[in-house]
Student: 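Sharing a structure, written as structure tokens. Questions coming.
Since we're looking at a predicted model, the values are computed, not measured. Residue numbers start at 1 and run along the sequence shown.
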Amino acid sequence: MSTIFSYNDNDFTLSHSLSDFPDPSAFHMHTHAKAELYYFVRGRAVFRIEGSEYPLESGDLLVMQPTESHLIIPNPKYPYERKNLHFNTESLRLIDPNSQLLLSVLDRKPGKHNLFKSEDFTGGGSEHYFDCMMAQDGDPRVNIYAGLIPLLNEMRRIHLSRTEKESTAIDTTEYRVIRYINKNLVNPISLDDICKKFYLSKTQLCRLFKDATGTTVWKYITTKRLIRAKQLIEAGENPTHVYATQCGFTNYSSFYRAYVKYFGCAPTKNAP
């Protein structure tokens with residue numbers, strides 16, 4: 001994709017990108033340690049988040065909490081354009097110590113209530129907030145805060161008006177499997193256990209999971225556990241304590257190898 005706008009620092013990664021001929025095979029399931037706001041400018045695409053599917057329309061806004069896996073599948077017949085912001089939720093701590101602005105991000109189940117339609121917003125959509133964040137004049141971080149804070153406040157209002165039963169996502173077997181995995185990341189998980197619970201063969205499980213997320217069951221579980229471990233370590237937890245009790249690894253050696261392979265550094269490097 002060609003880059004129209006880009007800004008990056010320790011707290012924020014803001015970008016505006018366009019592809020005239022998007023290749024669906026170039027997009028893969030991924031997850032972040034930061035939260036993400038994704039604005040769909042134009043194209044034809046389906047967005048998958050934790051096994052739920054959201055067919056997109058121009059002007060749609062999606063929110064992903066940290067570690068929420070997601071995948072965009074664009075239609076190659078149409079130009080694909082998007083704007084997105086990855087942000088560290090801790091960057092709002094001083095002005096929002098009780099995380100009220102983050103309710104739409106954190107106060108929901110993974111794969112649920114990710115989508116905000118343009119008509120949900122009182123101002124007629126969310127694009128002008130991104131325009132504010134991407135202003136060419138002034139300090140970039142000030143511009144981001146100036147657009148992000150009112151946007152999150154609008155999303156908070158919309159989030160609080162929704163009911164638990166409301167969701168624009170399609171509830172699928174894949175979603176129920178992923179929800180089960182997310183609830184049991186700190187516990188031993190086996191393919192046999194998942195298959196037994198959902199009455200699936202291993203072949204069926206692996207195929208539907210790959211189709212839904214673009215990755216394998218074990219890669220998904222490992223990635224989620226590693227990002228969770230990184231967050232805990234950065235918050236002050238001892239790496240030798242979190243790997244088993246809070247992240248589901250059976251021994252420190254396997255955790256250490258996986259951590260170095262994924263993040264490119266030892267767990268102790270992320271400790272305060």
Side-chain angles (χ1 to χ4, degrees), residues 4-17 31-42 47 49-50 52 54 56-70 72 81-169 227 231 234-235:
I4 300 171
F5 177 94
S6 179
Y7 172 80
N8 180 63
D9 64 26
N10 289 334
D11 291 319
F12 303 110
T13 300
L14 180 64
S15 65
H16 179 189
S17 301
T31 187
H32 313 284
K34 295 179 180 178
E36 180 178 359
L37 297 177
Y38 170 101
Y39 181 80
F40 185 65
V41 180
R42 60 181 171 128
F47 211 100
I49 306 177
E50 297 286 343
S52 296
Y54 297 94
L56 296 183
E57 298 178 341
S58 295
D60 284 349
L61 178 73
L62 289 155
V63 58
M64 278 73 71
Q65 58 192 217
T67 78
E68 204 167 10
S69 65
H70 49 281
I72 183 73
E81 184 177 0
R82 57 98 171 128
K83 301 176 181 180
N84 67 333
L85 172 72
H86 298 93
F87 66 98
N88 182 358
T89 56
E90 290 298 313
S91 66
L92 299 171
R93 184 67 63 188
L94 287 177
I95 61 172
D96 184 29
N98 296 319
S99 298
Q100 289 299 298
L101 288 172
L102 296 172
L103 287 180
S104 64
V105 183
L106 305 176
D107 183 33
R108 56 179 179 75
K109 297 176 181 177
K112 290 295 184 181
H113 297 297
N114 300 89
L115 180 63
F116 292 76
K117 306 294 289 184
S118 59
E119 56 266 27
D120 294 334
F121 293 87
T122 55
S126 58
E127 186 171 26
H128 64 281
Y129 296 112
F130 276 89
D131 290 341
C132 181
M133 288 189 272
M134 295 180 178
Q136 298 295 322
D137 58 333
D139 182 274
R141 285 180 64 90
V142 172
N143 292 339
I144 290 174
Y145 278 116
L148 177 60
I149 292 172
L151 173 56
L152 289 174
N153 194 44
E154 268 281 271
M155 293 170 64
R156 173 184 176 274
R157 177 191 62 78
I158 297 166
H159 174 77
L160 290 174
S161 70
R162 290 172 169 174
T163 67
E164 182 64 25
K165 292 182 180 180
E166 290 177 333
S167 179
T168 48
I227 291 178
Q231 291 175 326
E234 290 178 339

Student: Inspect the surroundings of CG in D139 and state if more than 12 heavy atoms from other residues, nucleotides or ligands are less than 6.0 Å away.
Tutor: yes
Student: Locate the shortest heavy-atom distance separating S15 from N84; write the atom from each residue and the value.
Tutor: OG-OD1, 2.6 Å
Student: Show the nearest heavy-atom pair for residues S126 and G59, with the distance to one decimal.
Tutor: OG-O, 4.5 Å
Student: For residues L152 and L92, report the shortest heavy-atom separation together with the two atoms involved.
Tutor: CD1-CD1, 3.5 Å
Student: Taking all atoms of both residues into account, what is the closest heavy-atom pair of M64 and F47, and its distance?
Tutor: CE-CZ, 3.9 Å
Student: Does any N or O in the side chain of N143 come within less than 3.5 Å of the main-chain N or O of C132, such that one atom is a donor and the other an acceptor?
Tutor: no
Student: Any idea which heavy atoms bring V41 and R82 closest together, and the distance?
Tutor: CG2-CA, 4.0 Å
Student: Quick one: do E50 and K109 make a salt bridge, cutoff under 4.0 Å?
Tutor: no
Student: Restricting to non-hydrogen atoms, name the atom on T31 and the atom on E68 that form the minimum distance, rounded to 0.1 Å.
Tutor: OG1-N, 3.4 Å
Student: Tell me if the CD1 atom of I95 is crowded by more than 12 foreign heavy atoms within 6.0 Å.
Tutor: yes
Student: Is a side-chain N or O of E36 found less than 3.5 angstrom from the main chain of H86, in a donor-acceptor match?
Tutor: no
Student: Considering only residues two or more places apart or on different chains, which pairs with a residue in residues 92-101 satisfy salt bridge (charged side-chain N to carboxylate O under 4.0 Å, His left out)?
Tutor: E90-R93
